[in-house]
Student: 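One structure follows; several queries about it will come next.
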There are 2 protein chains.
Amino acid sequence: MSATQIVLNQDQTFKTYEKKFKALSDEIRLKVMYELNQRGQVCVCDLSDIIELPQSKLSYHLKILLDVELIKREKIGTWNYYSVNEKAVKLLLSEELRCLFYPGK
Amino acid sequence: MSATQIVLNQDQTFKTYEKKFKALSDEIRLKVMYELNQRGQVCVCDLSDIIELPQSKLSYHLKILLDVELIKREKIGTWNYYSVNEKAVKLLLSEELRCLFYPGK
DNA sequence: CAATTAAATCAAAAATAATTGATTAAAAGA
DNA sequence: TCTTTTAATCAATTATTTTTGATTTAATTG
């Protein structure tokens with residue numbers, strides 16, 4: 001075993017997946033994933049218009065997706081741009097969900 | 001369009017996935033999926049011993065997984081045997097999660 | 001038929017999560 | 001510097017889920 005290898009026990013593994021699935025277990029957050037996937041990089045204020053959600057509510061849901069790394073954030077000036085973390089979603093979801101929630105073939 | 005085709009709108013689609021991911025967004029239910037996958041068909045009382053959970057609690061969680069058809073139930077005499085619904089899980093989860101939550105190659 | 005076992009269901013309580021509106025912080029421009 | 005804009009965070013409320021123990025239902029066995 002290499003010195004840097006991290007060994008997770010079963011409970012930690014389940015806890016990790018629990019959080020990721022929990023992040024996806026909400027209509028609003030699935031819609032966010034969908035719109036980010038459709039549009040690439042989107043800032044909070046644009047997304048707020050697209051999904052028609054108050055800013056604080058949207059930030060709350062974005063944080064949940066960000067915490068489990070299903071999305072990424074890039075700050076440019078005053079704006080925060082969000083996008084889908086393709087690698088992470090690909091490791092979690094089936095090919096059938098490609099195009100819906102992560103970038104397609 | 002064929003007479004029997006069901007057309008789902010986007011909201012219905014998201015709602016459907018919300019429910020499926022919600023079913024998976026719990027440590028106990030992921031452990032249930034894992035054990036059912038390891039053991040094939042298991043009855044509630046055996047599962048109750050394996051996962052060390054009171055019967056009513058386990059039944060509650062089994063119902064949630066059953067409702068979204070991620071698991072199947074077969075009644076034999078007094079016993080209810082549960083197993084993973086391989087097809088449904090395969091349509092939802094990545095190959096990387098095969099062996100953990102649905103039957104392997 | 002009475003007793004036992006398996007497992008679903010129910011209602012109340014406890015624990016978590018989501019919503020709301022207000023506040024804060026940080027960047028940009030006048 | 002003062003004002004505006006972007007977006008995170010906070011605290012209070014509301015809503016949803018989970019847990020618990022008891023009850024119910026159905027099948028099996030003596």
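Scope of the values below: all heavy atoms of this structure, side chains included, with no hydrogens, waters or symmetry mates.
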Student: Figure out the NZ/P separation between K19(B) and dT17(D), and round it to whole Å.
Tutor: 11 Å
Student: Quick check on DNA chain D: between K22(A) and K75(A), whose nearest nucleotide comes earlier from the 5' end?
Tutor: K75(A)
Student: Can you list, by residue number, the residues of residues 46-63 of chain A that have a non-hydrogen atom closer than 4.0 angstrom to DNA chain C?
Tutor: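 By residue number: S56(A), K57(A), Y60(A), H61(A).
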Student: So does K22(A) get a backbone contact from the side chain of S25(A), meaning a donor-acceptor N/O pair under 3.5 Å?
Tutor: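 The answer is yes, because a donor-acceptor pair under 3.5 Å joins these two groups.
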Student: If the threshold is 4.0 Å, N to carboxylate O, is there a salt bridge linking D11(B) and K15(B)?
Tutor: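 Salt bridge between D11(B) and K15(B), a charged N being under 4.0 Å from a carboxylate O: no.
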Student: Round to a whole Å and report the spacing from CH2 of W79(A) to C1' of dT4(D).
Tutor: 11 Å
Student: Using whole Å, report how far CG of N80(A) lies from C1' of dA25(C).
Tutor: 12 Å
Student: If you measure from the Lys or Arg side-chain nitrogens to the Asp or Glu carboxylate oxygens, is any gap between E35(B) and R39(B) under 4.0 Å?
Tutor: yes
Student: Under 6.0 Å from the CD atom of E96(B), do we count more than 12 heavy atoms belonging to anything else shown?
Tutor: yes
Student: Check every strand shown and say whether Y82(B) touches a base, only sugar-phosphate, or nothing at a heavy-atom separation below 4.0 Å.
Tutor: sugar-phosphate
Student: Rounded to whole angstrom units, what separation is found between the CD1 atom of I64(A) and the C1' atom of dA17(C)?
Tutor: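 To the nearest whole Å, that distance equals 8 Å.
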Student: Measure from the side chain of I28(B), starting at C-beta and using heavy atoms only, and say which of dT19(D), dT5(D), dA8(C) lies closest.
Tutor: dT19(D)
Student: Tell me: CD of E74(B) to C1' of dA7(C), nearest whole Å?
Tutor: 16 Å
Student: For the pair made of CG in L65(B) and C1' in dT18(D), what is the distance, rounded to whole Å?
Tutor: 14 Å
Student: List the atom of V89(A), the atom of F101(A), and the distance in Å for their closest heavy-atom pair.
Tutor: CG1-O, 4.2 Å
Student: Tell me what L66(B) touches on the nucleic acid: a base, only sugar-phosphate, or nothing, going by heavy atoms under 4.0 Å.
Tutor: nothing
Student: Does a side-chain N or O from R73(B) land closer than 4.0 Å to OP1 or OP2 of dA7(C), or not?
Tutor: no
Student: Taking side chain as C-beta onward, heavy atoms only, is L36(A) less than 4.5 Å from L47(A)?
Tutor: yes
Student: Measure the distance from CD1 on I76(A) to C1' on dA26(C) and round it to the nearest whole Å.
Tutor: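 That distance rounds to 16 Å.
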Student: Whole Å only: how far is the CZ atom of R29(A) from the C1' atom of dA18(C)?
Tutor: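 Computing the R29(A):CZ to dA18(C):C1' distance gives 9 Å.
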Student: Would you say L53(B) ends up clustered with Y81(B) if hydrophobic residues are merged whenever their side chains have heavy atoms under 4.5 Å apart, either directly or through other cluster members?
Tutor: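 Different clusters: Y81(B) never reaches L53(B) through Ile, Leu, Val, Met, Phe, Trp or Tyr contacts under 4.5 Å.
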